[in-house]
Amino acid sequence: MISKKLEKAINKQINEELFSAYLYTSMQAWFADESLDGMANWMKAQAQEEHYHAMKFFDYLIERGGKVELHAIAKPDIDFGNPLKAFQASLDHERYITKCINEMMDLAIAENDHATRIFLQWYVEEQVEEEASVDTIVQRLSRVGDNMHGIYMLDRELASRTFTWPQEEE
Ligand code: OFO
């Protein structure tokens with residue numbers, strides 16, 4: 001049985017992950033409105049991935065005998081200024097999520113909950129990847145500046161991203 005403190009922390013993180021999905025869906029809408037369909041597609045895949053992250057916590061909490069409690073999801077921004085600012089906002093958000101995951105890891109260690117510590121390891125590694133992939137896009141957009149040709153080239157590239165819901169292990 002999971003401790004009450006970890007149950008509360010996981011419920012908070014389910015909300016953070018669902019908010020992440022909501023934020024990226026809002027970015028998807030903004031990019032679509034800017035006719036940058038490749039970037040909109042990238043955000044759509046990102047939102048789907050965040051939903052998966054939320055449900056992975058959801059399933060784990062139930063498996064450990066905890067109670068899932070869903071909270072209201074905050075309203076995300078709707079205007080992101082320009083592609084660089086949008087991806088920079090995404091990078092800032094991922095850094096915030098990394099901090100949340102690290103704090104949960106600290107709590108799992110303090111609570112002596114080895115199963116949760118091992119479970120959270122997946123998110124620790126995932127955050128390294130998430131930050132790195134967004135950071136690469138931020139760097140490329142910074143180099144491209146206002147050059148529309150460069151922006152459209154990157155947009156075309158980001159159109160190929162897809163997300164497939166991973167098979168659940170038995
Ligand atoms: Fe974007 O990260 Fe979830 O965990």
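First listed ligand is number 1; within each ligand, the first listed atom is number 1.
The minimum distance between atom 3 (Fe) of ligand 1 and any N, O or S atom of Glu50 involves atom OE1. The nearest N/O/S atom of His53 to atom 3 (Fe) of ligand 1 is ND1. Taking atom 3 (Fe) of ligand 1 as reference, Glu17 places its N/O/S atom OE1 nearest. Looking at Glu130, its N, O or S atom nearest to atom 1 (Fe) of ligand 1 turns out to be OE1.
A tilted orientation is assigned to the rings of Tyr52 and Phe163, their planes being inclined by 30° to 60°.
Between the side chain of Glu111 and the main chain of Leu6, no donor-acceptor pair closer than 3.5 Å is present.
Residue contacts with ligand 1 for Glu126 are absent, since no atom lies close enough (heavy atoms, distance under 4.0 Å). With a 4.0 Å cut-off on non-hydrogen atoms, Glu49 does not touch ligand 1 at all.
In this structure, OH on Tyr24 lies 5.0 Å from CD on Gln46, to the nearest 0.5 angstrom.
Residues His93 and Ser20 bring a donor and an acceptor atom of their side chains to less than 3.5 Å of each other. Side-chain polar atoms of Gln127 and Arg95 form no donor-acceptor pair below 3.5 angstrom.
Assignment of His93 to the shell around ligand 1 is not supported, since no heavy atom sits closer than 4.0 Å.
For ligand 1, the atoms lying closer than 4.0 Å to a non-hydrogen atom of Gln46 are 1 (Fe).
For residue Glu94, no N/O/S atom approaches atom 3 (Fe) of ligand 1 to within less than 2.8 Å.
A salt bridge links Glu157 with Arg140; the closest basic N to acidic carboxylate O contact falls under 4.0 Å.
Transitive grouping of hydrophobic side chains (ILVMFWY, heavy atoms separated by less than 4.5 Å) keeps Leu120 and Met1 in distinct clusters.
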